[in-house]
Amino acid sequence: MDIKYNVGVIVGRFGPVTLEQIDALFKPAINENDLVVVILGSSDSSRDHRDPFVATDREDMILGTLKEMGLNGNKIICMPVRDYLYNRT
């Protein structure tokens with residue numbers, strides 16, 4: 001696709017990031033945008049047996065994987081966000 005945008009946004013937990021996510025989300029976002037903001041969900045979760053990676057670990061994995069694959073991680077900004085529970089009562 002030849003369309004170029006200023007900012008792309010990817011939302012997910014990425015714990016850990018998979019090659020499928022790199023191919024389907026990150027590669028196109030990097031190629032089609034000047035800047036890519038990655039919203040890392042569950043950033044308020046502490047490390048435990050069900051969720052062994054905190055947001056900074058997941059950011060490091062994303063940027064490290066992109067670098068290993070020769071993709072421009074300099075276009076990536078990771079923004080951690082906490083989960084918000086809601087109730088409809």
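What you see is a predicted model; the values in this text were computed from it and never measured. The figures here come from the full heavy-atom set of this structure, side chains too, leaving out hydrogens, waters and symmetry mates.
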* Distance in Å, Q21 CD paired with I10 CD1, rounded so as to fall on 0.5 Å steps -> 9.5 Å
* Are V38 and I77 in one and the same hydrophobic cluster, where Ile, Leu, Val, Met, Phe, Trp and Tyr link if side-chain heavy atoms are under 4.5 Å apart? -> no
* **Criterion side chain to side chain contact (heavy atoms under 4.5 Å, CB included) on L40 and E59, from CA distance to verdict** => CA-CA 8 Å; L40 292 172; E59 177 178 357; 4.0 Å; yes
* same_hphob_cluster(V54, I76) at 4.5 Å side-chain heavy-atom cutoff -> no
* Honestly curious: do L25 and I22 fall in one hydrophobic cluster under the side-chain, below-4.5 Å linking rule? -> yes
* Structure fact -> Here the gap from C78 atom SG to L63 atom CG, rounded to the nearest 0.5 Å, amounts to 5.0 Å
* **Hydrophobic cluster membership, V11 vs L66, 4.5 Å side-chain cutoff** => no
* Pairwise side-chain hydrogen bond (donor to acceptor under 3.5 Å, both in side chains) hits with a residue in residues 36-48, at least two apart -> R13-S42, S42-D83, R47-D57
* Give a yes or no on whether M79 atom CE has more than 12 heavy-atom contacts from other residues, nucleotides or ligands under 6.0 Å away. => no
* How long is the gap from CD on E32 to CG on N6, to the nearest 0.5 Å? -> 13.5 Å
* **Gap separating the CD1 atom of I30 from the CG atom of N72, nearest 0.5 angstrom** => 6.5 Å
* Asked: Which is it for F14 and M61 under the side chain to side chain contact (heavy atoms under 4.5 Å, CB included) test, yes or no, and what are the steps along the way?
  -> CA-CA 9 Å; F14 306 111; M61 285 188 276; over 6 Å; no
* **Gap between atom CG of N74 and atom NZ of K67 - 0.5 Å precision** => 9.5 Å
* Exercise: identify the closest heavy-atom pair between F53 and P16 -> CE1-CD, 4.0 Å
* Treat each ILVMFWY residue as a node, draw an edge where side-chain heavy atoms are under 4.5 Å apart, and state whether I62 and V7 are in one component. => no
